[in-house]
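Worksheet for the structure shown next.
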There are 2 protein chains.
Amino acid sequence: MNSQSEEDYLKALYHLEMDFDAVSTSSIAEYLNMKPSSVTDMLKKFAEKKFINYQKYKGTSLTKKGKLTALSIIRKHRLWETFLVEKLSFGWDQVHIIAEQLEHIKSEELIEKLDNFLDNPKYDPHGDPIPCKDGNIEEMNQKLLVELKTSQKGIITGVKKGTASLLNYLDKEKVKLGDSVKVIEILEFDGTYIVEINKRKLTFSEKICQNLLLETND
Amino acid sequence: MNSQSEEDYLKALYHLEMDFDAVSTSSIAEYLNMKPSSVTDMLKKFAEKKFINYQKYKGTSLTKKGKLTALSIIRKHRLWETFLVEKLSFGWDQVHIIAEQLEHIKSEELIEKLDNFLDNPKYDPHGDPIPCKDGNIEEMNQKLLVELKTSQKGIITGVKKGTASLLNYLDKEKVKLGDSVKVIEILEFDGTYIVEINKRKLTFSEKICQNLLLETND
DNA sequence: TCTAATTTTTAGTTTTGTCTAAAAAAATAT
DNA sequence: ATATTTTTTTAGACAAAACTAAAAATTAGA
Ligand SMILES: [Mn+2]
Ligand SMILES: [Mn+2]
Ligand SMILES: [Mn+2]
Ligand SMILES: [Mn+2]
């Protein structure tokens, strides 16, 4: 049985592996707000448990076993987030912290019943795909808003870093997943985007555009 | 913020205080499957935190603060149990172990929303009263089946020790909370009860009768 | 290429929560 | 009333998961 801490490390490894290819000790430490020396200790333990391929001073990568274990925790996290939003009417900006705890509850049956109760959702409240029981996960074909040029269109399908403050801001501006976006203008000076969403013109800073994920038809 | 372990100790103290008046170190140890020396350590910590009145070698009792903290965990436990039975269709014999974990999730808002989602239930699946937010809890007026004499009647409102094997057995015999019971005969030899429930005659061992709680009209 | 800076690992410490074994106190029995 | 048994506490050890400081390896710069 893996500890809470081990499970959080596994998720971190998985997420970091998505973005960068080889995962460094310091990147894990930064992600988890820990010191690199603590990470090294855990990496040794993970090597023992065959969760990672590890050689001193080289980076790490998850083994098949490690990846599957990580995906099962991510599955729980995203199902709980969905429960909190769909059934308990939490805002999408509130659920991550709570799911961070709920994901560690040990019970296969619980998660299968929860999945059922929620009608086997495909995506979590942030647009992220929910892995299925066997570890399969949809690869999404998304672009960042910042990659679009003037007059291009897309549909918002996710947020990259779902920080509460960003989610909150999107709520305030009534922007949600599924909304269509058209780029009206891109300011040369600071990369600000003027976009049209639901027939309203909105202004997004470059930083926001680096965090909005869209599905485009190209 | 109290640890998972501390929370389990507090609940143990609360439950033991219900049955016996002064709680001994060894009874806590037995209840939690720990060694008395470990309990002593925690009692010292609890004295520091003002959760208990503690004097070396004398027993312990919860302070107001300790009791309120215990009740808030019991509230969470019983609400989660209700959720698991009512919404996820778990059996009443399966939910205790899972709620033992869920009760430690930290979020005031979560538990209030859960309470709401469940329509503010008064009792958990085992018939135990759910404390309200402010720590108020209904005192139930119940008798054990073993206290009834021949021809007396009652309604099943709870189980004393809700061991899975007992709950399971009651399921098998189609006995549930709310059922009316009439004592037909008590065998002198071993204290076995012959009772009538839903027009069926059932035979309960003395041990079972020591665990069935009834509401009677006396 | 060789030195300097950065990253990673090692060594040793801390806290929490458990344990065993031994000492001390309290309860029980003769 | 005293001796024996039982309960409780103390003392010391251990594992997990974090830390700091120092050493070692790698990477980058001149
Ligand atoms: Mn977590
Ligand atoms: Mn999410
Ligand atoms: Mn618990
Ligand atoms: Mn219960």
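Lettering of chains follows the sequences in order, A, B, ..., and the numbering in each one begins at 1. Atoms considered below: every heavy atom in the structure, side chains included; atoms not considered: hydrogens, waters and symmetry mates. These numbers come from a predicted model, not from an experiment.
Within a heavy-atom distance below 4.0 Å of DNA chain C, the residues of residues 43-51 of chain B found are B:K45. Of the residues in residues 1-18 of chain B, B:S3, B:S5, B:Y9 come within less than 4.0 Å of DNA chain C through at least one heavy atom, sorted by number.
Between B:E215 and B:Q142 the shortest side-chain heavy-atom distance does not fall below 4.5 Å.
Across all strands shown, A:S38 has heavy atoms under 4.0 Å from base atoms, whether or not it also approaches the sugar-phosphate. Using a 4.0 Å heavy-atom cutoff across all strands shown, B:S37 reaches at least one base atom of the nucleic acid. The residue A:T40 sits close to a base: some heavy atom pair falls under 4.0 Å.
A salt bridge links A:E103 to A:K11: at least one charged side-chain nitrogen sits closer than 4.0 Å to a carboxylate oxygen. A salt bridge is absent between A:K133 and A:D115: the closest approach of a Lys/Arg side-chain nitrogen to an acidic carboxylate oxygen does not fall below 4.0 angstrom.
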query = Checking salt bridge (Lys or Arg N to Asp or Glu O under 4.0 Å) for the pair B:K76/B:E81: CA distance, chi angles, key distance, verdict?
reply = CA-CA 9 Å; B:K76 290 183 222 170; B:E81 282 190 342; over 6 Å; no
key: Worked verdict on A:D171 versus A:W92 for side-chain hydrogen bond (donor to acceptor under 3.5 Å, both in side chains)   = CA-CA 9 Å; A:D171 270 352; A:W92 70 340; 3.2 Å; yes
request  = Please report the C-alpha distance between B:E6 and B:S3 in whole Å, then the side-chain angles of each, then the deciding distance to 0.1 Å, and finally whether the side-chain hydrogen bond (donor to acceptor under 3.5 Å, both in side chains) criterion is met.
outcome  = CA-CA 5 Å; B:E6 287 174 303; B:S3 71; 3.3 Å; yes
A:H104/A:D8 under side-chain hydrogen bond (donor to acceptor under 3.5 Å, both in side chains): CA gap, chis, key distance, verdict = CA-CA 9 Å; A:H104 304 291; A:D8 286 335; 3.1 Å; yes
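Checked against D:dC19, C:dT18, C:dT9, the side chain of A:T25 finds its nearest nucleotide in C:dT9. Considering only side-chain atoms of B:M34, the nucleotide from C:dT18, C:dT9, C:dT7 that sits closest is C:dT18. Comparing C:dA26, C:dT18, D:dC19 by their nearest atom to the side chain of B:M42 picks out C:dT18.
Between the P atom of D:dT8 and the CD1 atom of B:I52 lies a distance of 13 Å, rounded to the nearest Å. Spacing between atom CG of A:L32 and atom P of D:dC19 amounts to 10 Å, rounded to whole angstrom units. Separating the NZ atom of B:K35 from the C1' atom of D:dT7 is a distance of 14 Å, rounded to the nearest angstrom. Per the geometry, NZ belonging to B:K58 stands 18 Å off P belonging to C:dA24, to the nearest Å. A:I28 places its CD1 atom 13 Å from the P atom of D:dA18, with the value rounded to the nearest Å. Atom NZ in B:K56 sits about 8 Å away from atom P in C:dA25, given to the nearest Å. The nearest whole Å value for the distance from the CG atom in A:N33 to the C1' atom in D:dA18 is 13 Å.
For A:K44 and A:Y54, the positive end is not near the middle of the six-membered ring at less than 6.0 Å and at most 45° from its axis. For A:K113 and B:F90, the positive end sits near the middle of the six-membered ring, less than 6.0 Å away and at most 45° from its axis. A cation-pi arrangement is not found for B:K87 relative to A:F117, the charged atom failing to lie both closer than 6.0 Å to the ring centre and inside a 45° cone about the ring normal.
Atom CD of B:E147 is surrounded by more than 12 heavy atoms from other residues, nucleotides or ligands within 6.0 Å.
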Contact list (N/O, under 3.5 angstrom) for nucleotides 27-29 of chain C vs protein:
none

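Using a 4.0 Å cut-off, some side-chain N or O of A:S26 falls inside it from OP1 or OP2 of C:dT8.
Side chains of B:S61 and B:N53: a donor on one and an acceptor on the other come within 3.5 Å.
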